[in-house]
Novice: 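This is the structure I have questions about; it appears just below.
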2 protein chains.
Amino acid sequence: MNRNGLGRNKGWHRIMHGRGFRVTAPREAVLSVLEKEKTHLSAKEIYAKVIVIEPSVGLTTIYRTLEMLAEMGVINRVEIGDKTTRYEIKSNSSKHHHHIICTNCRKVIDYSEFSEEEKKLFTKMTKNIEKKYNVKITGHNVQFFGICLDCEK
Amino acid sequence: MNRNGLGRNKGWHRIMHGRGFRVTAPREAVLSVLEKEKTHLSAKEIYAKVIVIEPSVGLTTIYRTLEMLAEMGVINRVEIGDKTTRYEIKSNSSKHHHHIICTNCRKVIDYSEFSEEEKKLFTKMTKNIEKKYNVKITGHNVQFFGICLDCEK
DNA sequence: CTCCTTATTGATAACCGTTATCAATAAGAT
DNA sequence: ATCTTATTGATAACGGTTATCAATAAGGAG
């Protein structure tokens, strides 16, 4: 257990190191926050939580770290239509999922209980697209829009 | 054929009027541009094309008009990850489609040749989600990410 | 057609998320 | 312990979008 309460994640050290990145306190703090939250936070929201752990960290560093983690494939950028980029960690516990977004309050529900049928069809769609358009597909993003229970009144 | 070359679209007049909106030259010009282009333009790009038709129109009006058209359901907002909102018209000729986005050059391919299987599954997924999460689904957005032929070198 | 109400417009400034700059700092190899 | 250089934080700048407000014009009433 290091100073940030980041216990089992020494793995990051190796991954970062392997890519030639240095392991720093701000980076550990950002990972610690994302690991705990598992929800869709904006850079500002992450910043607010990070400075509790490491008060000297600047907002710029948050943006830079998020940029780096996204490039490393450790986190996903999530756009839910509220004009800011949000981030979610791709841990082994949180699988690939789709998003259900309330167009009124912008609440997000993660949807990951895919049926075998759904999984197969997405695989098939991906292959079809690759063949038909001669592209290499690296991922997909699915959003369902609607009005959540709370906003329905 | 009115002054903007907008012939068969007098329908907009009725729709706008019905909602209590006035039919103005800037609005007709924006619709004219979107109708012609059918691709994913940013507000600035639309502005550049509009001022050819109506030189006195300001950028602010473009934003306001796009906001209105989106609210009316006449156009879609499209996010392709290049930090600007893009717009596409929902004409009867351009059906519902998904997007294939090159993560390198941000080119977008529309994908609308859905198989019956795909259509059925999306309908089923929508119903499942509505039941399971108690929400009213109004639409969905699907993006496939990859590297296009040109960027593959 | 003319008048009148009020939605709409355009110029400008403000806003806000994100990024560039740059001297100071510190990770980690030697 | 030293040294190279990636990283940092403060600040300013940037770019897309929105608020402000007086001037304009759509379109209904007469």
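Throughout, protein chains are lettered first and strands after them, A, B, ... in sequence-line order, and every chain is numbered starting at 1.
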Novice: Aromatic rings A:F122 and A:H140: how do their planes relate, parallel, tilted or perpendicular, breaks at 30° and 60°?
Specialist: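 Rings of A:F122 and A:H140: parallel, as their planes differ by under 30°.
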
Novice: Between atom CD in A:E54 and atom P in C:dA27, what is the gap in whole Å?
Specialist: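 So the two atoms are 11 Å apart, to the nearest Å.
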
Novice: Do B:E79 and B:T85 pair up side chain to side chain, a donor and an acceptor below 3.5 Å, judged on atom types alone?
Specialist: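 Their side chains do contain a donor-acceptor pair, which is all the 3.5 Å distance test asks for.
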
Novice: Figure out the CG/P separation between A:D82 and C:dT18, and round it to whole Å.
Specialist: 9 Å

Novice: Which part of the nucleic acid, if any, lies within reach of B:T60 when heavy atoms closer than 4.0 Å are counted: base, sugar-phosphate only, or nothing?
Specialist: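 B:T60: base contact, heavy atoms under 4.0 Å.
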
Novice: Report yes if a side-chain nitrogen or oxygen of A:T61 is closer than 4.0 Å to either non-bridging phosphate oxygen (OP1 or OP2) of D:dG9; otherwise report no.
Specialist: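 Checking D:dG9 against A:T61, a side-chain N or O does come within under 4.0 Å of OP1 or OP2.
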
Novice: Using the side-chain heavy atoms of A:P26, tell me which of these nucleotides is nearest: C:dT8, C:dG17, D:dG9.
Specialist: D:dG9

Novice: Nearest of C:dT18, D:dG16, D:dC21 to any side-chain atom of A:Y63?
Specialist: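 It is C:dT18.
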
Novice: What is the separation between atom CD on B:E79 and atom P on D:dT17, rounded to the nearest whole Å?
Specialist: 8 Å

Novice: Would you check if the side chain of B:R27 reaches a backbone N or O of B:R22 as a donor-acceptor pair within less than 3.5 Å?
Specialist: yes

Novice: Can you measure B:I80 atom CD1 to D:dG16 atom C1' for me and round it to whole angstrom units?
Specialist: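 B:I80 atom CD1 is separated from D:dG16 atom C1' by 15 Å.
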
Novice: Check the distance between C:dA27's C1' and A:H13's NE2 and give it to me in whole angstrom.
Specialist: 12 Å

Novice: Is the shortest side-chain heavy-atom distance between B:F144 and B:I101 below 4.5 Å?
Specialist: no

Novice: Taking only side-chain nitrogens and oxygens of B:K83, does any of them come within less than 4.0 Å of OP1 or OP2 of C:dT18?
Specialist: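 No.
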
Novice: Please work out if B:T85 contacts a base, only the sugar-phosphate, or nothing of the nucleic acid, heavy-atom cut-off 4.0 Å.
Specialist: sugar-phosphate

Novice: Rounded off to whole Å, could you give me the CD-to-P distance for the A:E67 and D:dA6 pair?
Specialist: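 To the nearest whole Å, that distance equals 17 Å.
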
Novice: When all nucleic acid strands are considered with a 4.0 Å heavy-atom cut-off, which category describes B:S56: base, sugar-phosphate, or nothing?
Specialist: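 Answer is sugar-phosphate: B:S56 comes under 4.0 Å of backbone atoms only.
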
Novice: Does C:dA7 have OP1 or OP2 under 4.0 Å away from a side-chain N or O of B:H17?
Specialist: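 Checking B:H17 against C:dA7: no side-chain N or O falls below 4.0 Å of OP1 or OP2.
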
Novice: Would one find a side-chain N or O of A:R22 under 4.0 angstrom from OP1 or OP2 of C:dA26?
Specialist: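 No, A:R22 has no side-chain N/O under 4.0 Å of OP1/OP2 on C:dA26.
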
Novice: Under 6.0 Å between ring centres: does that hold for A:H97 and A:F114?
Specialist: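 No, too far apart.
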
Novice: Would you kindly give the OH-to-P distance between A:Y47 and C:dC16, to the nearest whole Å?
Specialist: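 Spelled out: OH on A:Y47 to P on C:dC16 is 17 Å.
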
Novice: If you assign B:G20 and A:R77 each to the DNA chain C nucleotide with the nearest heavy atom, which residue ends up on the more 5' nucleotide?
Specialist: B:G20

Novice: Going by an N to O cut-off under 4.0 Å, is there a salt bridge joining A:E130 and A:K136?
Specialist: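 Judged by the 4.0 Å cut-off on N to carboxylate O distance, A:E130 and A:K136 do form a salt bridge.
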
Novice: Specify the residue among A:M68 and A:L59 whose closest nucleotide of DNA chain D lies further upstream toward the 5′ end.
Specialist: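 Comparing both residues, the 5'-ward one is A:M68.
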
Novice: Atom CG of A:L41 and atom C1' of C:dG17: how far apart are they, to the nearest Å?
Specialist: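 Computing the A:L41:CG to C:dG17:C1' distance gives 16 Å.
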
Novice: Looking at the side chain of B:T84, which of D:dT17, C:dT21, C:dA27 is the nearest nucleotide?
Specialist: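 The answer is D:dT17, which lies nearest to the side chain.
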
Novice: Does D:dT8 have OP1 or OP2 sitting under 4.0 Å from an N or O in the side chain of A:R27?
Specialist: yes

